[in-house]
> 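Right, I'll just put the structure down here and ask away after.
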Amino acid sequence: MISLRNVNKNYGTFHALKDVSLEIAQGEKVVICGPSGSGKSTLIRCVNHLEPHDSGEIRLDGLEVGAARDVLKVRRTAGMVFQNFNLFPHLTVLENCILAPKLTGAVSDREARKMAEDYLARVHILDQAWKYPIQLSGGQQQRVAIARALCMKPKVMLFDEPTSALDPEMVGEVLDVMGELASEGMTMICVTHEMGFARKVADRVVFMDAGRIVEIAPPETFFAAPQSDRARAFLSQISH
Amino acid sequence: MISLRNVNKNYGTFHALKDVSLEIAQGEKVVICGPSGSGKSTLIRCVNHLEPHDSGEIRLDGLEVGAARDVLKVRRTAGMVFQNFNLFPHLTVLENCILAPKLTGAVSDREARKMAEDYLARVHILDQAWKYPIQLSGGQQQRVAIARALCMKPKVMLFDEPTSALDPEMVGEVLDVMGELASEGMTMICVTHEMGFARKVADRVVFMDAGRIVEIAPPETFFAAPQSDRARAFLSQISH
Amino acid sequence: QTAPEFAADGFSVCVDPTFPPMEFMADAADKDPSGVDIDVARALAGLWGVDASFVSMDFAGLLPSLEAGRCDAVISGTVLREDRLKTFNAVPYLDTATVLIAGKGAPAVSDIAELAGKTVAVQSGTSYPGRMEELNAELEAAGHAPTKIQQYPKQSDAIQQLLVGRAAYVVTQDTEIAYREMQDPGKFDVVFTMPAAAFEPFSVYLRKDDAETAKVGEAVKALVANGELLKIVEKWNLSPSQLNGIGE
Amino acid sequence: MSFDPSTFWEALFSWPFLRGALLTLGLTIAAHLTAILIALPLAVVLNGPPSVLRKLITAYVGFFRAVPTLLQLLFVWNALPQIFPIFREEWFTPFLAAWIALSLNESAYQVEINRSALSAVDGGQMAAGQAIGLKKSHIYRYIMLPQALRVALPPTMNEFITLLKLTSLASIISLQELMTVTQINVARTFQFSEYYAVALTWYLVMVYSLMGLQKLVERRFRWSSRTEAAALAETRRSRGW
Amino acid sequence: MSFDPSTFWEALFSWPFLRGALLTLGLTIAAHLTAILIALPLAVVLNGPPSVLRKLITAYVGFFRAVPTLLQLLFVWNALPQIFPIFREEWFTPFLAAWIALSLNESAYQVEINRSALSAVDGGQMAAGQAIGLKKSHIYRYIMLPQALRVALPPTMNEFITLLKLTSLASIISLQELMTVTQINVARTFQFSEYYAVALTWYLVMVYSLMGLQKLVERRFRWSSRTEAAALAETRRSRGW
Ligand SMILES: Nc1ncnc2c1ncn2[C@@H]1O[C@H](COP(=O)(O)OP(=O)(O)OP(=O)(O)O)[C@@H](O)[C@H]1O
Ligand SMILES: Nc1ncnc2c1ncn2[C@@H]1O[C@H](COP(=O)(O)OP(=O)(O)OP(=O)(O)O)[C@@H](O)[C@H]1O
Ligand SMILES: [Mg+2]
Ligand SMILES: [Mg+2]
């Protein structure tokens with residue numbers, strides 16, 4: 001479903017992704033973790049071509065990421081939740097969610113609205129549907145961002161720390177939603193440090209450091225017996 | 001040190017804080033938790049008068065919060081780390097940190113710079129001192145925000161989810177820094193869902209729901225045997 | 001000659017120096033403008049034993065400046081018109097005729113019917129548009145098509161239309177065409193002299209003070225009498241007949 | 001200073017002045033709308049990555065801002081017919097010529113305003129629009145421009161008012177708008193205070209009406225204010241916009 | 001149309017045209033700087049909560065934008081001395097009068113530009129400045145204005161160029177700047193193309209130099225771009241700014 005081969009990405013002179021290769025099958029759920037600045041956000045931004053990669057090959061659902069003619073298809077295949085939400089401030093919560101379905105003409109206005117209300121209800125925020133993003137607390141904004149991405153009915157979801165602004169209760173609920181999506185067969189890449197979630201849902205954990213993938217392992221193996229020193233050091237902090 | 005008495009705050013018709021009363025002694029560390037949208041951010045924004053409260057009384061280090069003539073004193077007494085960082089995008093990391101000390105004239109430029117470098121080193125980001133905020137990852141930005149607040153040498157620190165964008169390793173280090181501050185006698189209010197931190201450092205846990213303080217208890221009691229049903233329901237999700 | 005009070009410490013005159021030969025900058029580097037009006041002003045000042053000074057500005061600034069006392073008089077190719085006398089006083093010093101000009105070699109217009117349907121460029125804010133309308137009324141009364149009148153802010157803009165070929169004729173003052181002929185002979189020809197409905201000579205405009213105005217009238221009379229005005233007329237290639245009726 | 005109220009009142013509602021004011025307003029609206037239409041795509045290009053096209057547009061902007069409007073008017077009115085005989089014909093009226101010249105002129109200024117407003121929109125917005133799979137045209141139409149409008153509106157209104165006054169330059173190509181009518185009357189009668197007062201009155205009416213309109217539009221931007229967004233949300237909910 | 005190159009070249013560097021161009025530039029710079037100084041505090045007030053002062057400023061902005069610049073010039077030059085005799089004295093030159101009138105006029109436009117630029121700065125910036133205990137003046141000086149400048153610069157440059165042309169109106173109070181000198185020469189010789197070409201050349205020189213300057217300033221704003229910030233950081237680090 002998703003395949004990265006020797007992907008490199010530079011910001012000016014800073015080498016943010018170094019020879020990253022990763023294969024993700026249809027329906028697979030992958031958690032990416034690693035220290036701050038290790039390139040996790042950059043990686044998933046490259047997958048839906050928000051950042052062009054400098055070399056290597058990325059394929060998504062058979063499409064070549066980076067090929068000009070497929071760029072819209074790529075992005076409609078992959079829904080994304082940003083680390084800092086990026087809601088549209090001039091639109092209400094509901095409008096944020098129905099904008100894409102309406103414009104891409106996939107569904108009727110009526111259906112788009114119904115679907116948006118469903119997803120907003122699922123993340124417990126339907127009662128705020130008429131508010132503007134600036135009126136919402138951090139956690140509320142994050143949930144709207146998740147609903148907005150789901151409304152595109154993507155085949156793949158890219159989550160960039162989707163629970164960072166949430167309280168534990170809401171984390172639980174959002175992870176439940178993600179679990180459901182997972183069980184419905186959605187392919188997912190999720191940058192998160194919620195080890196609980198990783199353990200429960202992830203098929204594999206990808207550990208990154210300094211722009212490189214250091215280790216890929218099933219969660220049980222990764223948490224119990226990390227192979228690399230770097231991952232061991234990282235994990236030793238979690239019980240902190 | 002900090003005292004709130006029957007504080008109320010409305011956003012238009014929305015009642016965000018309802019009769020909130022809380023006394024915090026010098027050197028005390030209080031953790032505020034509660035569901036998303038319960039008013040945690042609003043509460044700490046009221047303490048340093050970023051949001052004016054509508055009724056009730058707030059006092060900080062003997063100053064009346066809301067009295068026009070003391071507003072600068074109040075804000076210099078309380079350092080704040082925002083939920084969404086709010087770094088100054090036109091200044092480098094280092095400049096972000098030395099702006100306030102330089103302008104308030106508390107220290108010389110040289111000392112201000114030295115102090116900033118110390119704090120940046122403490123949150124492991126000194127090597128990024130020349131970068132602009134837009135070049136940093138989410139976690140890096142959050143650490144700069146912490147360093148910037150500490151550079152004011154405040155008597156009280158207000159943290160709004162200071163570890164939300166951090167990886168577990170960095171969470172550990174930032175919590176270490178906060179622990180050190182705590183042991184140096186700094187008074188702290190910290191909105192966080194890091195129960196580990198609450199357990200280890202907090203003197204008391206304040207649990208909020210729907211704009212009200214529902215429960216205040218020492219962490220042991222709170223986590224082991226929450227009094228209110230709401231808190232019990234909330235906590236039951238954490239082991240999720 | 002008793003000098004008017006306003007000229008006790010010198011005679012200052014407001015002009016818009018874009019109307020040769022009445023007033024214009026003879027050389028781009030000149031400090032003071034030159035022209036008929038300049039000479040007239042100097043002659044008046046000489047009569048009163050004071051110096052004349054000139055303030056150049058856009059036409060729209062002339063009247064407010066006179067009103068505000070920034071200068072003592074406006075002598076800037078402005079003709080006497082009945083409706084202007086409501087706000088200011090005027091003293092005539094040179095008669096003038098309005099003419100139609102066309103490119104060199106254009107045939108003279110002997111009958112106004114020849115003008116029917118032609119485009120005529122005129123300077124706005126002058127008496128020309130009114131004159132042209134009277135002419136149009138005559139044309140229409142005689143069953144001809146009226147001329148097409150286009151108004152431009154400066155005389156030079158209007159004449160440009162002739163050069164561009166958009167207008168067939170331009171209305172101008174006999175003085176101006178005399179000057180052009182002197183400078184650059186053979187560009188334009190006067191093809192028609194507009195019938196004058198009223199005596200509309202160039203005049204000195206003054207603030208409303210009848211006693212002072214009378215003194216200026218006396219001075220003009222004196223200049224006619226001692227031949228100074230005639231000298232100026234000859235200097236600028238104008239016709240002595242233009243002094244008919246001045247000083248009366 | 002003398003002031004004759006009857007002259008003032010008579011002129012205020014006289015046909016030449018009304019016609020002048022309408023011409024001024026009409027020409028300004030026509031030219032400004034055209035300018036905005038020209039400027040929008042150019043600003044979008046300028047907001048993008050460097051390219052040859054961007055260089056060309058920069059040159060365009062510089063040129064049309066540098067050339068005095070007067071000359072642009074004269075060029076369109078006097079030189080164009082010499083180059084293309086088609087412009088010599090009847091239909092090519094001074095209004096049309098002024099419209100063309102002022103639109104081109106104004107578009108250069110408007111490009112800069114739109115460029116700056118677009119650059120003020122948070123970078124994450126473009127990324128968010130891309131991430132939900134919108135076409136570039138949709139991203140600009142529904143996300144970037146509505147947000148940029150908030151920033152662009154006040155300087156755009158500046159330009160509109162400047163243009164309102166600038167139309168008076170069109171007197172050079174024999175268009176008789178408000179200021180020209182005024183000056184013709186001043187030159188005719190020398191009663192400057194009365195006639196300038198008439199022009200002033202009309203300008204005041206136009207500018208203040210415009211500012212009222214601007215204020216109404218700005219109410220739609222309250223989503224950007226922590227303290228006012230609630231009111232907007234409330235209005236929208238109750239009206240079901 | 002005939003074009004005599006020798007007339008053109010001679011006039012281009014002749015003293016009257018040089019003087020006219022310098023006067024144009026000098027007056028524009030003086031008036032625009034003054035206008036910006038007047039506009040800054042007013043814009044800050046307009047960006048704040050509603051108040052009586054805000055209403056007054058709105059009226060000021062409307063008034064000075066509505067009144068034709070021509071009338072403002074005439075008022076300052078001719079009416080002011082009648083009201084305050086002090087302005088009758090020698091020192092009150094046309095340049096000074098034009099400076100005053102154009103500054104007031106321009107300040108109204110500049111207020112709107114600054115207001116819109118300030119409102120484009122993220123709301124969290126003000127809060128962050130307050131939270132680190134800065135005085136309001138410091139917050140504006142070091143946080144809000146530097147960020148607003150990025151948005152305000154292009155429309156401000158528009159205004160500067162407009163003002164550059166607008167100074168020609170000052171010929172009404174006997175100031176002989178570039179355009180006046182041009183028209184005086186055209187009236188004398190009818191050599192339109194040559195003299196207008198001279199004016200055009202000078203305007204082009206001034207506007208393009210200005211745009212070059214603007215580009216240099218805009219390099220300092222690269223902190224706002226994900227792709228370019230690195231270059232700015234690098235320059236600053238290496239130069240030790
Ligand atoms: N525009 C840029 N210019 C220079 N460096 C950049 C830029 N954007 C990102 N970086 C750097 O690239 C590295 C990777 O960034 P990225 O956002 O992918 O990190 P991350 O793994 O998501 O971290 P976090 O967990 O803190 O969000 C960081 O060191 C960051 O400083
Ligand atoms: N400007 C506003 N207008 C209307 N409602 C607002 C506004 N600002 C905040 N609110 C509401 O006030 C409530 C409290 O917000 P606050 O930001 O304090 O929540 P919080 O407890 O910090 O939540 P989180 O954990 O998600 O950050 C929320 O329901 C929010 O929607
Ligand atoms: Mg990240
Ligand atoms: Mg919060």
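It should be emphasised that the depicted structure is a prediction, and the values quoted were computed from it without experimental measurement. Lettering of chains follows the sequences in order, A, B, ..., and the numbering in each one begins at 1.
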> Need one label for Phe82(A): side chain, backbone, both or neither, based on atoms under 4.5 Å from any heavy atom in chain D.
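Just its side chain gets close to chain D.
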> Between Arg148(A), Lys131(A), Met80(A), which has the largest tally of heavy atom pairs under 4.5 Å with chain D?
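Among Arg148(A), Lys131(A), Met80(A), the one with the most close pairs to chain D is Arg148(A).
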> Would you say Lys18(A) has more than 12 foreign heavy atoms packed within less than 6.0 Å of its NZ?
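Yes.
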> Closest heavy-atom contact between Pro89(A) and Gln147(D)?
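Where Pro89(A) meets Gln147(D) most closely, the heavy atoms are CG-OE1, 3.3 Å.
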> Tell me, side chain or backbone of Lys136(D) under 4.5 Å from chain A's heavy atoms, or both, or neither?
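Interface part for Lys136(D): neither.
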> Show the nearest heavy-atom pair for residues Gly133(D) and Thr104(A), with the distance to one decimal.
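Closest approach of Gly133(D) to Thr104(A), heavy atoms only: O-CG2, 4.0 Å.
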> Flag the pair Lys102(A) / Tyr142(D) as yes when at least one side-chain heavy-atom distance between them is below 4.5 Å, and no otherwise.
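Counting from C-beta outward, Lys102(A) and Tyr142(D) never come under 4.5 Å.
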> Assess whether atom CZ of Arg204(A) is packed by more than 12 heavy atoms of other residues, nucleotides or ligands within 6.0 Å.
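Yes, the 6.0 Å shell around CZ holds more than 12 heavy atoms from other groups.
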> Flag the pair Leu103(A) / Ile132(D) as yes when at least one side-chain heavy-atom distance between them is below 4.5 Å, and no otherwise.
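Contact flag for Leu103(A)/Ile132(D) side chains = no.
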> Arg76(A), His90(A), Arg45(A), Glu51(A): which one forms the most heavy-atom pairs within less than 4.5 Å of chain D?
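So the answer, after comparing Arg76(A), His90(A), Arg45(A), Glu51(A), is His90(A).
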> Do you know which two heavy atoms are closest between Ala229(D) and Tyr132(A), and how far apart they sit?
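The pair with the smallest heavy-atom distance is O-CD1, 4.0 Å.
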> Step through the shown structure and confirm whether more than 12 heavy atoms of other residues, nucleotides or ligands are within 6.0 Å of CD1 on Ile86(D).
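No, the 6.0 Å shell around CD1 holds no more than 12 heavy atoms from other groups.
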> For chain D, which of Thr92(A), Leu50(A), Ile134(A) has the most heavy-atom pairs under 4.5 Å?
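Option with the top pair count is Ile134(A).
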> For Ala78(A), is it the side chain, the backbone, both, or neither that has a heavy atom closer than 4.5 Å to a heavy atom of chain D?
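Ala78(A) touches chain D through backbone heavy atoms alone.
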> Check Ala233(D) against Gln135(A) and note the closest heavy-atom contact, atom names and distance.
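What the structure gives for the nearest pair is CB-OE1, 3.6 Å.
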> Can you tell me how far apart CH2 (Trp130(A)) and CG (Leu232(D)) are? Round to the nearest 0.5 Å.
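With rounding to 0.5 Å, CH2 (Trp130(A)) is 10.0 Å from CG (Leu232(D)).
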> Could you tell me which portion of Leu87(A) (side chain, backbone, both or neither) has an atom closer than 4.5 angstrom to a non-hydrogen atom of chain D?
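Only the backbone of Leu87(A) comes within 4.5 Å of chain D.
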